[in-house]
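Have a look at the structure below before the remarks.
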Amino acid sequence: MEKADFKNYRTLVVEVQQLKEQLAVLESSMYSPKGQKFTSTPRVPSGDRSTMDGVVDRHLKLVELYEADLAEKEAKQLAIEQAIQSLGDTPERVVMRELYIFGRRWPAVLSKMQKLGYSERTVYRLHGAALWKLKEV
């Protein structure tokens, strides 16, 4: 696993949430379609002139597309979290989780690790060692 995979983790989390929200919107619109307005004079309804079958087909295709994308992104998210977890109970794992899972910036990570007794240089070394170990995962 490369450093770029870890850097993209926060974006991945946001995309997963967006896809879940979009699927919920699509599902709710399928089960509660807009009703047709009836008036005393016959006329062609404005807006979407397609049949309900066409609307449902388009919705189902979108749902299928979003579900496939969601499954792929959740698999990547799981792989990243498992890789970091594989470091065991080490300071390397703490650094990786702080930087990539929680999205903290270096100054905050350094401050936290210094409170645990690690120098700035050691924290950078821990990060490098973790990336090296996880490159093979």
Side-chain angles (χ1 to χ4, degrees):
M1 192 158 290
E2 299 293 322
K3 183 177 180 178
D5 296 320
F6 296 110
K7 282 184 148 187
N8 292 330
Y9 179 83
R10 300 299 301 160
T11 303
L12 197 60
V13 169
V14 170
E15 288 178 349
V16 165
Q17 184 61 37
Q18 287 174 336
L19 285 168
K20 287 179 179 180
E21 289 171 5
Q22 191 61 32
L23 281 167
V25 167
L26 284 172
E27 188 171 321
S28 70
S29 70
M30 280 183 53
Y31 291 113
S32 58
K34 295 179 182 175
Q36 184 176 1
K37 294 181 182 177
F38 293 100
T39 63
S40 59
T41 57
R43 61 182 176 180
V44 177
S46 62
D48 189 12
R49 292 181 172 81
S50 61
T51 65
M52 192 59 154
D53 289 342
V55 172
V56 170
D57 276 347
R58 285 194 304 276
H59 272 75
L60 291 176
K61 286 178 183 175
L62 281 172
V63 167
E64 185 179 310
L65 178 72
Y66 290 153
E67 285 177 342
D69 197 20
L70 179 61
E72 178 186 330
K73 288 183 183 344
E74 285 180 328
K76 285 180 185 177
Q77 185 180 3
L78 179 63
I80 290 169
E81 292 196 24
Q82 286 176 333
I84 291 173
Q85 196 68 18
S86 74
L87 293 170
D89 290 332
T90 62
E92 293 167 342
R93 184 176 83 179
V94 173
V95 171
M96 294 297 284
R97 290 186 64 75
E98 288 291 317
L99 284 170
Y100 302 112
I101 301 298
F102 300 130
R104 296 207 173 61
R105 303 236 183 248
W106 272 108
V109 175
L110 291 170
S111 174
K112 182 173 188 163
M113 295 302 289
Q114 285 170 345
K115 289 176 185 173
L116 297 174
Y118 296 96
S119 70
E120 182 176 335
R121 186 175 182 144
T122 302
V123 175
Y124 287 124
R125 284 184 183 156
L126 291 169
H127 178 252
L131 288 175
W132 184 258
K133 287 178 184 177
L134 295 175
K135 196 172 206 170
E136 299 167 2
V137 174

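Values in this document were obtained by computation on a predicted structure and should not be read as measured data.
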Transitively linked via ILVMFWY side-chain contacts under 4.5 Å: Tyr9 with Leu19? no
Do Lys135 and Met1 have side-chain heavy atoms sitting under 4.5 Å apart? no
Quick one, Arg93 with Asp89, criterion salt bridge (charged side-chain N to carboxylate O under 4.0 Å, His left out). Give me CA distance, side-chain angles, the key distance, then yes/no. CA-CA 7 Å; Arg93 184 176 83 179; Asp89 290 332; 2.9 Å; yes
Grouping I, L, V, M, F, W and Y whenever their side-chain heavy atoms are under 4.5 Å apart, do Leu23 and Leu62 come out in a common cluster? yes
Does Glu21 CD have over 12 foreign heavy atoms under 6.0 Å away? yes
Looking at NZ of Lys20 and CD of Gln17, how far apart are the two atoms once the value is rounded to the nearest 0.5 Å? 6.5 Å
Same cluster or not: Phe102 versus Leu131, using hydrophobic residues (I, L, V, M, F, W, Y) connected whenever any side-chain heavy atoms lie under 4.5 Å apart? yes
Please assess Val95 against Tyr124 for the test side-chain contact (heavy atoms from CB on, under 4.5 Å), listing each intermediate value before the final yes or no. CA-CA 9 Å; Val95 171; Tyr124 287 124; over 6 Å; no
To the nearest 0.5 Å, what is the distance between OH (Tyr66) and NE2 (His59)? 10.0 Å
Heavy-atom check, side chain of Gln77 versus side chain of Val13, under 4.5 Å: yes
What's the separation between atom CG in Asp5 and atom CD1 in Ile80, rounded to the nearest 0.5 Å? 5.5 Å
Shortest non-hydrogen contact between Leu12 and Lys76, atoms and distance: CD2-CB, 3.6 Å
Note: Tyr100 and His127 closest approach over all heavy atoms is OH-NE2, 2.7 Å
Do the non-hydrogen side-chain atoms of Glu81 and Gln85 ever get within less than 4.5 Å of each other? no
Determine whether a donor-acceptor pair (N or O, by modelled atom type, separation under 3.5 Å) exists between the side chain of Ser86 and the backbone of Ala83. yes
Donor + acceptor pair across side chains of Gln22, Gln18 (<3.5 Å): no
Mind checking the CD-CH2 spacing from Glu98 to Trp106? Nearest 0.5 Å is all I need. 11.0 Å
Interatomic distance, CD@Glu92 vs CZ@Arg125, rounded to 0.5 Å, equals 13.0 Å
NZ of Lys112: more than 12 outside heavy atoms within 6.0 angstrom? no
Hydrophobic cluster identity match, Ile84 and Leu116, side-chain contacts under 4.5 Å: yes
Tell me the closest heavy-atom pair linking Met96 and Ala130, and the distance in Å. CG-CB, 3.6 Å
Distance (rounded to the nearest 0.5 Å) between Glu74 CD and Glu67 CD: 10.5 Å
